[in-house]
Amino acid sequence: MEHGADLPATMLLALALAYGVSPLAIDMYLSAFPRMARDLHASATGVQLTLTAFMTGLAVGQLVIGPLSDRWGRRRPLLAGTAVSVLAGLLCAVAPSVGLLVAARFVHGVSGAAGIVIARAVVGDRARGAGAARAYGLLMMTAGVAPVVAPLIGGALVGAVGWRGIFLVLAGLAALTFLGALFLVPETLPHDRRSGGGLATTLRRTGTVLADRPFLGYAFAFAFGFGTLFSYLAASPFVYQNVFGLSIGTYAVILAANAIGFTATSALNRRIVRRFGARLLLRVGLVVMAVCATTLCLLAGTGLLVRDVAVPLVFVTVSSLGLIAANATALAVARAPQAAGSASAILGALQFGLAATVSPLVGLGGENTALPMAVAMAASTVVAGTAVLVLAGSDRDGDELA
C-alpha cells in the first residue's frame with residue numbers, strides 16, 4: 001500500500017476493537033470495588049492492586065511484544081496475545097482470592113497489550129503521513145472514549161451480572177478481537193523488513209529509536225497529552241461531586257459530553273489532516289490544551305474556580321486531545337519505519353506507565369479541592385508542549401507529513 005493511503009475499513013475496525021478492549025478493561029470494573037472487597041474478604045488496597053497490576057502488565061507487555069513483532073511479524077503475536085487475553089479474563093472471573101486475581105490481572109494486562117501495540121505497528125507498516133494520521137485517529141477515538149464510558153458501562157453491568165460477569169464480558173470482547181484479527185488483519189510486515197538477530201539486535205534497534213530526539217518529542221507529547229486526560233478522570237469524581245456539589249447523574253452527563261467532545265475533535269482531525277498536516281494540527285491541539293489547562297490551574301490556585309467555568313474549560317482541554325493523540329502517534333512512528341513495533345511499544349509504555357503514576361498522585365491533595373487535578377493537568381500539558389518544541393522543533397520531515 002502506498003504511503004498516505006487509507007487502510008481497508010474492515011481492517012481498521014478490527015484494529016480499533018483490538019486497540020479499545022484493554023482501555024475498557026482498565027475502568028469497567030471500578031464501581032464493583034466495594035463488592036469485590038466483600039466477596040474476596042480483601043482490603044480496599046488489595047482490590048486496588050488489581051488495577052495497578054493490570055496497568056503494569058499493559059506497560060510491560062507492550063515493551064516486550066512490540067520489539068518481538070518487529071522480529072516475528074504482527075499477526076502471530078496479535079493472535080497469541082488476544083487468545084491469552086480471553087483465558088486471563090476467564091481466570092479473573094473465577095478467581096477465588098484477591099492474590100490470584102492480582103496475578104490474573106497482570107497476565108490480562110500483558111496479553112491485552114498485544115492489541116494496542118500491534119494495532120499501532122500495523123498502521124505504521126501500511127500507511128504514512130495523512131493516511132496514517134487518519135487511521136491513528138480512529139484508534140485514538142477508541143482509546144480516549146473508553147476510559148470515560150467504561151465506568152458507565154460497568155456501573156450498569158455490575159448490578160445485573162456482578163463483578164465476575166464484567167470479566168466474562170471482557171473475555172467475550174477479547175474473543176471477538178481474536179476473531180477480527182484472525183479473519184480481517186493480514187500480516188503487514190514482510191520477511192525482508194523484519195529485524196534479524198537475537199535479543200542484542202532487538203535492544204539495539206530499540207535504543208536507536210530512543211536516541212531519536214524528534215521521536216521522543218512526539219512520544220512525550222502523546223503520553224503527557226493522555227496524562228492530562230488521566231489526571232481529569234482520576235480526580236473529577238471528587239471535584240465535580242464533592243467540590244462543585246453535582247449529582248452522580250449530572251457527573252455522568254458531563255463524562256459523556258467530554259467523551260463526545262474528544263470523539264468529535266478526533267473525527268474532525270481525520271477530515272482535515274490532509275489539508276493542514278499532522279504537525280500543524282498537533283501544535284494547535286497543544287496550544288489549546290495548554291491555554292485551557294493553565295487557566296484552570298490559575299483559577300483553582302487563586303480560589304476563583306467555579307463550576308460554570310471549570311466544566312467548559314475541562315471540556316475544551318479534553319477535546320483538544322483529539323488533535324494531539326493521532327498526530328503525535330503518526331509523527332512518532334514515522335520516525336522509525338523499520339522498527340514500528342518498538343516505536344509503538346515505547347509510546348504505549350509511556351502512556352500507561354504515566355497513567356499508573358498520575359492516578360494516585362492527584363489524590364494526595366485530598367478530596368475537597370480542585371487544585372491537584374488542575375495542577376496535574378497543567379503540568380502534563382506543559383511537558384507535552386515543551387517536548388515538541390525542544391526535541392522535535394527541528395523535525396523538517398514532520399512538516400512533510402500532510
Note to self: For V47 and L101: C-alpha separation, side-chain torsions, deciding distance, then whether side chain to side chain contact (heavy atoms under 4.5 Å, CB included) applies.
What the structure shows: CA-CA 9 Å; V47 174; L101 182 59; over 6 Å; no
Notebook entry, point to check: For F222 and F226, what are the C-alpha separation, side-chain angles and deciding distance, and is it a ring-ring contact (aromatic ring centres under 6.0 Å, His included)?
Noted result: CA-CA 6 Å; F222 171 83; F226 271 102; 5.2 Å; yes
Check: How far apart are the C-alpha atoms of R35 and Y29, what are their side-chain angles, what is the distance that settles it, and do they pass the side chain to side chain donor-acceptor pair (under 3.5 Å) test?
Finding: CA-CA 10 Å; R35 186 177 299 186; Y29 75 130; over 6 Å; no
Next item on the list: Report the C-alpha distance between S231 and S380 in whole Å, list the side-chain angles of each, state the deciding distance to 0.1 Å, and finish with yes or no for side chain to side chain contact (heavy atoms under 4.5 Å, CB included).
Entry: CA-CA 9 Å; S231 300; S380 294; 4.2 Å; yes
Item checked: Residues L91, V107; criterion side chain to side chain contact (heavy atoms under 4.5 Å, CB included); working and verdict -> CA-CA 10 Å; L91 286 175; V107 176; over 6 Å; no
Item checked: Derivation of the side chain to side chain contact (heavy atoms under 4.5 Å, CB included) call for M289 and F224 -> CA-CA 11 Å; M289 179 179 277; F224 280 90; over 6 Å; no
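Contact of the M11 side chain with the P186 side chain is registered, since non-hydrogen atoms from C-beta on lie closer than 4.5 Å. Proximity of T317 to L296: side-chain heavy atoms (C-beta onward) are nowhere separated by under 4.5 Å. Residues V314 and I254 fail the side-chain proximity criterion, which asks for heavy atoms closer than 4.5 Å. Residues T228 and L321 fail the side-chain proximity criterion, which asks for heavy atoms closer than 4.5 Å. R75 is listed as a side-chain neighbour of L182, based on a closest heavy-atom distance under 4.5 Å. Side-chain contact check for L58 versus I116: some heavy-atom pair is nearer than 4.5 Å. With contacts defined as side-chain heavy-atom distances shorter than 4.5 Å, the pair L313/L299 qualifies. Using a 4.5 Å cut-off on side-chain heavy atoms (C-beta onward), F315 and I260 make no contact.
Among residues at least two apart or in separate chains, salt bridge (charged side-chain N to carboxylate O under 4.0 Å, His left out) pairs with a member in residues 167-193 are D125-R193, E187-R194. Listed by first then second residue, pairs satisfying ring-ring contact (aromatic ring centres under 6.0 Å, His included) with a partner in residues 92-116 read F54-H108, not counting sequence neighbours. Residues in residues 76-104 take part in no side chain to side chain donor-acceptor pair (under 3.5 Å) pair, two or more places apart or across chains. Sorted by first and then second residue, the side chain to side chain donor-acceptor pair (under 3.5 Å) pairs involving residues 151-175 (not counting sequence neighbours) are D39-W163. The side chain to side chain donor-acceptor pair (under 3.5 Å) contacts involving residues 288-302 comprise nothing, where partners must be two or more places apart or lie in separate chains.
Shown here for L354 and A223, the closest heavy-atom pair between the two residues is CD2-O, 3.3 Å. Considering every non-hydrogen atom in both V209 and A336, the closest pair reads CG2-CB, 3.9 Å. Shortest non-hydrogen contact noted between A349 and A59 is CB-O, 3.9 Å. Closest of all the heavy-atom pairs between L78 and A114 is CD1-O, 4.0 Å. Scanning all heavy atoms of the two residues, the minimum distance from L371 to C297 falls at CD1-O, 4.3 Å. Closest approach of V388 and A221 over heavy atoms only: CG2-CB, 3.4 Å.
Between the side chain of S344 and the backbone N or O of A340, no donor-acceptor pair lies under 3.5 Å. At distances below 3.5 Å, at least one donor-acceptor pair connects side-chain atoms of Y136 with backbone N or O atoms of R120. Between the side chain of T142 and the backbone N or O of L139 there is at least one donor-acceptor pair closer than 3.5 Å. The backbone N or O of V333 lies less than 3.5 Å from no partner atom in the side chain of Y218, so there is not a single donor-acceptor pair. A donor-acceptor pair is defined here as one N or O able to donate and one able to accept, closer than 3.5 Å; such a pair exists between the side chain of R213 and the backbone of V390. Side-chain atoms of T50 never come within 3.5 Å of backbone atoms of G46 as a donor-acceptor pair (strictly under, hydrogens ignored).
Residues satisfying the side chain to side chain contact (heavy atoms under 4.5 Å, CB included) test with L323, not counting sequence neighbours, are T265, N269, V284.
Distance check, rounded to the nearest 0.5 Å: OG1 of T381 to CG of L286 gives 8.5 Å. From L347, atom CG reaches atom CD of Q62 across 8.5 Å, with rounding to the nearest 0.5 Å. Between atom CZ of residue F33 and atom CG of residue L51 there is a gap of 5.0 Å, rounded to the nearest 0.5 Å. To the nearest 0.5 Å, atom CZ of residue R105 and atom CG of residue L49 are 11.5 Å apart. S342 contributes atom OG, which lies 12.5 Å from atom CD1 of I65 (distance to the nearest 0.5 angstrom). Rounding to the nearest 0.5 angstrom, the gap separating the OG atom in S320 from the CG atom in L229 is 10.0 Å.
Remark: the Y251 side chain and the S236 side chain contain an N/O donor-acceptor pair separated by less than 3.5 Å.
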